2 protein chains.
Amino acid sequence: MRARSDPAGNLANGTLHHRIRADLEGKILSGEWPPGHRVPFEYELMAGYDCSRMTVNKVLSGLAAAGLIERRRRAGSFVRRPQFQSAVLQIHDIKAEISGRDQAYEYELLSQRRRKANAGDREALAVGPQVGILALRCRHFADRRPFALEERLINLAAIPAGETIDFRTEPPGTWLLGHVPWTEAEHHISAAEADAEMAHRLEVVKGSACLVVRRRTWRAGETVTVVRLIFPGPSYHLVARFTPSQR
Amino acid sequence: MRARSDPAGNLANGTLHHRIRADLEGKILSGEWPPGHRVPFEYELMAGYDCSRMTVNKVLSGLAAAGLIERRRRAGSFVRRPQFQSAVLQIHDIKAEISGRDQAYEYELLSQRRRKANAGDREALAVGPQVGILALRCRHFADRRPFALEERLINLAAIPAGETIDFRTEPPGTWLLGHVPWTEAEHHISAAEADAEMAHRLEVVKGSACLVVRRRTWRAGETVTVVRLIFPGPSYHLVARFTPSQR
DNA sequence: CCGAGGGTTTTGTCTATACATAAGCGCCGC
DNA sequence: GCGGCGCTTATGTATAGACAAAACCCTCGG
C-alpha cells in the first residue's frame with residue numbers, strides 16, 4: 001500500500017472517501033466550481049489523492065446520486081446547476097410533534113364508520129366500488145386546546161388490518177406511520193376560511209383562516225389512505241427543513 | 001468468472017446490483033420483511049446471489065443511505081420503521097410553476113432598497129450590523145391576476161453579485177435559483193388573514209385567508225436570503241410530492 | 001455478583017484488476 | 001462535403017483479497 005497519510009496533516013478527519021467527498025462538495029458549494037464546470041476525471045483525482053479508482057468512483061457516484069454533479073460517459077462529470085426541485089423535507093407525526101414540544105397531547109375520536117366506497121370515496125382513493133373503506137374523524141389537542149381536526153379515509157383493501165385496530169386510543173396517523181410502509185405521498189397545502197362546523201370543532205370564530213393539509217399516500221401504486229388535516233389559523237405553522245438532494 | 005446468467009431468465013433486466021436492490025426493496029416495501037427484521041448478512045446475500053461482497057455491500061450501503069435499513073456492526077442490517085420525517089419534495093420556482101401551467105406569467109418589482117442591516121434584518125438573516133442587505137418587494141401575476149406577494153431580504157455579504165442584478169426584469173427567486181448554490185433551506189408554512197395592504201396588493205377582501213410561506217436559505221452555515229411569499233386564499237395550494245428517502 | 005479482557009463476527013474501507021458500454025472524434029471513401 | 005466506421009476515452013460494473021473498527025459474547029479473576 002502506498003503512503004496516504006497527509007504530510008501536512010490538515011483535514012485528516014474521517015475516512016479517505018469522506019475527505020474527498022467533502023473536498024469536492026466544498027468546491028461546488030463555494031462556487032469555485034460553477035455549474036457546468038468539468039470535475040477532474042477519475043484518473044486525475046486518483047492521482048491527486050493517491051488512491052484507487054474504486055474510491056474516487058464511489059465519491060463521484062455519491063455526488064451524482066445526490067444530484068450535485070452529472071456524469072456522462074466519455075465526456076466526464078459536470079457540476080449541475082442548483083435546483084430547488086426536490087429536497088429532503090421533514091414532517092412529523094402529530095402526536096410526536098406535540099409531545100416533542102413538551103405539550104400535553106390528547107386525542108379524541110369523533111366518529112368511525114366502515115362502509116363500501118361511495119362515489120366520493122372512490123374518487124378520493126381511486127378505488128373501485130364494493131371496496132371496504134374506513135372513514136374516521138378525530139381531533140388532536142395540545143395542552144387541552146384543539147390543535148387539529150382530522151378527516152381520514154383508509155382503504156381496507158390495501159390495509160385489511162385497519163379494521164381490527166382500536167382507533168379510540170391510538171390516532172390513525174400514528175398507527176399507520178408505524179405499521180404501513182409507503183412508496184409515495186402527495187401533499188396539498190392551502191389556506192381556507194373556517195366554516196361553522198370547523199370553527200366549532202377548533203374553537204375559533206367562523207371565517208377565520210385555517211391551514212389545510214391534504215395528504216394522499218400510496219403503496220406500490222395503490223392508494224392507502226387520504227387525510228385532511230385542518231389547523232386553526234396563524235397559531236400553527238408547518239415547518240419544513242430541507243437539504244438539497246435532488247433526484 | 002462464475003455463471004451469473006439467470007437460467008430461468010426472470011427479472012433479468014438491469015445490472016446485477018440493480019436487481020438485488022429491487023429485490024430487497026420489494027421485500028421491505030411489501031411488508032414481507034417488516035420493520036425490525038434482520039436483512040441477511042452480506043456473506044449470505046453473496047452466496048444467495050452468487051456475487052462478490054463488494055456488490056452486495058454497494059446495495060446495502062445504498063439502502064442505508066436511502067434510509068430503508070439501518071446497519072450495525074457485528075449485529076447486522078435491520079429494516080427501519082417507515083418514517084414520514086424527511087422525504088423528497090418538489091417545490092418549483094414561481095415563474096416556472098406558472099409558465100408550466102400554461103398561464104401568462106408577469107412580474108412587478110414594487111420596491112428595491114439597499115441598506116445596512118437594521119435590527120429586524122439582523123434577526124431574520126442572522127448577520128452582524130454593518131452588513132449590506134438588499135430588501136425587495138414584488139408581485140407575481142398569473143393570467144393578469146395577482147398570484148403572490150413576495151418580500152425578500154438578500155445578504156449581500158454572502159451574495160455580492162446580488163447588487164449588480166436588475167431585478168426589475170428578473171424575479172429575485174428565479175435569479176437566485178439559477179445562480180446561487182445552497183446547502184439548507186427551511187420553510188414555515190402558515191395561514192394568515194389578509195391585512196389592509198396585503199388585501200390591496202392581492203386584490204382580495206381584507207381578512208380573507210392567505211397562505212404564507214417563509215423560507216430561509218443557507219449556504220455553508222451563512223444565511224443567504226429570507227423570503228416571505230403570500231398567496232391569496234383558497235385559490236392557491238402548495239403541492240408537495242414525496243418518495244420515502246429519509247435520512 | 002460484577003467488571004475487565006480477549007476472541008469472534010459483521011460491517012467499513014480500500015486496493016488492483018478486468019471487461020463492458022457509451023459517446024465523442026477523426027479518418028476514409030465516395 | 002458528408003455519411004459511416006472504427007478507435008479512443010471515460011465511466012459503469014464486477015471480482016477477489018486484505019485489513020480496520022466496532023460491538024456483542026463469553027470467560028476468567030476478584
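Order of the sequence lines fixes the chain letters, A, B, ..., with proteins taken first and strands second; residue numbering starts at 1 for each chain. For clarity, every value in this text was computed on a predicted model and none was experimentally measured.
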TODO: Figure out the CZ/P separation between B:Arg71 and D:dA21, and round it to whole Å.
DONE: 18 Å
TODO: Using atom CG of A:Leu45 as one end and atom P of D:dA10 as the other, report the distance to the nearest whole Å.
DONE: 12 Å
Task: Integer-rounded Å distance: D:dA18 P and B:Asn57 CG - done: 18 Å
Open item on the list: Assuming nearest nucleotide by heavy-atom distance, tell me which of A:Arg72 and A:Met54 is located more 5' along DNA chain C.
Closed with: A:Met54
- [ ] Ignoring hydrogens and angles, tell me if any N or O in the side chain of B:Arg219 forms a donor-acceptor pair with the backbone of B:Ile159 under 3.5 Å.
- [x] no
TODO: Let me know the distance between OH of A:Tyr49 and P of C:dT13, rounded to the nearest Å.
DONE: 17 Å
Could you list the protein-to-nucleotides 4-9 of chain D atom pairs, N/O on both sides, closer than 3.5 Å?
residue, atom, partner, partner atom, Å
D:dT8, O2, A:Arg74, NH1, 2.7

- [ ] Using only heavy-atom distances, decide whether a donor-acceptor pair under 3.5 angstrom links the side-chain of A:Arg53 to the base of D:dG12.
- [x] yes
TODO: For D:dT15, take OP1 and OP2 only and decide whether either is under 4.0 Å from a side-chain N or O of B:Thr55.
DONE: yes
- [ ] Report the residue from B:Phe231, B:Tyr105, B:Phe141, B:Tyr107 that forms a ring pair (Phe, Tyr, Trp, His ring centres under 6.0 Å) with B:Phe147.
- [x] B:Phe231
Task: Summary of salt bridge (charged side-chain N to carboxylate O under 4.0 Å, His left out) pairs that have at least one residue in residues 156-165 of chain B, sequence neighbours excluded - done: B:Arg114-B:Glu163
Task: Atom-pair distance (CE on B:Met46; P on D:dA14), nearest Å - done: 15 Å
Open item on the list: Return whichever of A:Ala75 or B:Ala75 has its heavy-atom-nearest nucleotide of DNA chain C closer to the 5' end.
Closed with: B:Ala75
- [ ] Report which part of the nucleic acid A:Ser77 touches: base, sugar-phosphate, or nothing (heavy-atom distance under 4.0 Å, all strands).
- [x] sugar-phosphate
Task: Pair A:Arg216, A:Thr223: side-chain N/O donor-acceptor within cut-off below 3.5 Å - done: no
TODO: Would you mind reading off the distance between B:Leu16 atom CG and D:dA16 atom P, rounded to a whole angstrom?
DONE: 12 Å
Task: Gap between atoms CD and C1', on A:Glu70 and C:dA22 respectively (whole Å) - done: 14 Å
TODO: Examine distances only and state if a side-chain atom of B:Thr55 and a backbone atom of B:Cys51 form a donor-acceptor pair shorter than 3.5 Å.
DONE: no
Open item on the list: Within this structure, what is the CG-CG distance for the pair A:Leu134 and A:Asn155, rounded to the nearest 0.5 Å?
Closed with: 10.5 Å
Task: Protein-nucleotide distance (B:Arg38, atom CZ; C:dT10, atom C1'), rounded to Å - done: 10 Å
Task: Residues that B:Tyr43 engages under ring-ring contact (aromatic ring centres under 6.0 Å, His included), provided they are two or more places apart - done: B:Phe41
